[in-house]
Amino acid sequence: YYALSRGTKGIFYRTSPEIEKNSIYQSEIKKINTEIQSVKPYIIYSEPISLASASIPKVEACTLQAGYDAIILFLINHDTKSSSDLINSFSYTVKENFTVTVNIPERVDIEEIYHVRDKLEHIKYTHEWDKITIPIQRLDLTDTILIKTKPIQKTEGTVPDLPTKQSEVV
């Protein structure tokens, strides 16, 4: 996720017999593959842009903008520990009940927001002026959120509609 959030267009990994026996590693690899495949059409032409922040420390909120079509939000939990033991070398602290704020670029409007999981799941969020706030119930190591966007259509001589107050969107 770190590499993808910096603009890499794909990842390559290999495994070992010890890791293949560990179901935690296998489930994480499967999760990564599923999430990347879901956002692949947007990753191909996206660029890193700093639009987001998390409300708690040790959670990095990284964004890629894919033109007017989407913003990909990667959440990365940096509250981790590692040791030299290959099988039990890594642990992390789950992060719970925090928010992520995403600044919306000019001339872009929000269509829908999804958690990227085995399938896309709608997310509740609040929209206030030029930013959205997404409540996060739980973050293990990483999470991917797809923010589908569209260009704001401006009719000649008019100002595009902007939210006039805070609203909650399902």
### Check: E47 and Q65 side chains under 4.5 Å, non-hydrogen atoms
no
### Message
Between N77 and D140 (side chain of the first, backbone of the second, donor and acceptor by atom type, cut-off under 3.5 Å), is there such a pair?
### Response
yes
### Query
Just how far is it from atom CD of E35 to atom CZ of R117, taken to the nearest 0.5 Å?
7.5 Å
#### Entry: Side-chain donor or acceptor of T80 paired with backbone N/O of Y92 under 3.5 Å
no
### Query
Under a 4.5 Å cut-off applied to non-hydrogen side-chain atoms, are Y125 and I147 in contact?
no
### Message
If you apply the rule side-chain contact (heavy atoms from CB on, under 4.5 Å), what do you find for V102 with I145, and how did you get there?
### Response
CA-CA 11 Å; V102 181; I145 295 173; over 6 Å; no
#### Entry: Minimum-distance pair of heavy atoms, taken over all atoms of H127 and W129
NE2-O, 3.4 Å
### Query
Is there a donor-acceptor pair under 3.5 Å between the side chain of T149 and the backbone N or O of V108?
no
### Query
Going from CD1 on I76 to SG on C62, what distance comes out if it is rounded to the nearest 0.5 angstrom?
4.0 Å
### 4.5 Å side-chain heavy-atom contact, Q137 and N97
yes
### Task
For side-chain contact (heavy atoms from CB on, under 4.5 Å), just list the numbers for I136 and V59, CA-CA rounded to whole Å, side-chain angles, deciding distance to a tenth of an Å, and then say yes or no.
CA-CA 11 Å; I136 305 297; V59 172; over 6 Å; no
### Query
D69 versus Y42: any side-chain heavy-atom pair under 4.5 Å?
yes
### Query
Given side chains that start at C-beta, do those of L146 and I72 come closer than 4.5 Å, heavy atoms only?
yes
### Message
Within the structure provided, determine whether K150 and Y68 are in side-chain contact (heavy-atom separation under 4.5 Å).
### Response
no
### Message
What's the separation between atom CG in L75 and atom CG in L141, rounded to the nearest 0.5 Å?
### Response
12.0 Å
### Message
If you define the side chain from C-beta out and look only at heavy atoms, does anything of P105 sit under 4.5 Å from I71?
### Response
yes
### T34: which of T144, V116, D118 passes side chain to side chain contact (heavy atoms under 4.5 Å, CB included)
D118
### Message
Taking D143 first and then K31, would you say they form a salt bridge - that is, a charged N and a carboxylate O separated by under 4.0 Å?
### Response
no
### Task
Flag yes if more than 12 heavy atoms outside E106 fall under 6.0 Å of its CD atom; otherwise flag no.
no
### Summary
Nearest heavy-atom contact between S46 and L64 is OG-CD1, 3.5 Å
### Transitive ILVMFWY side-chain link L4 to I44, under 4.5 Å
no
### Task
Could you tell me the separation between the OG1 atom of T101 and the CD atom of E128, rounded to the nearest 0.5 Å?
9.5 Å
### Task
Of all the heavy-atom pairs spanning P48 and S5, show the shortest one and how long it is.
CB-O, 3.7 Å
### Task
Any chance you could measure K58, atom NZ, to T93, atom OG1, to the nearest 0.5 Å?
7.5 Å
### Query
Looking only at atom types and distance, does a side-chain atom of T133 sit under 3.5 Å from a main-chain N or O of T126, one as donor and one as acceptor?
no
#### Entry: Distance (rounded to the nearest 0.5 Å) between I43 CD1 and I36 CD1
6.0 Å
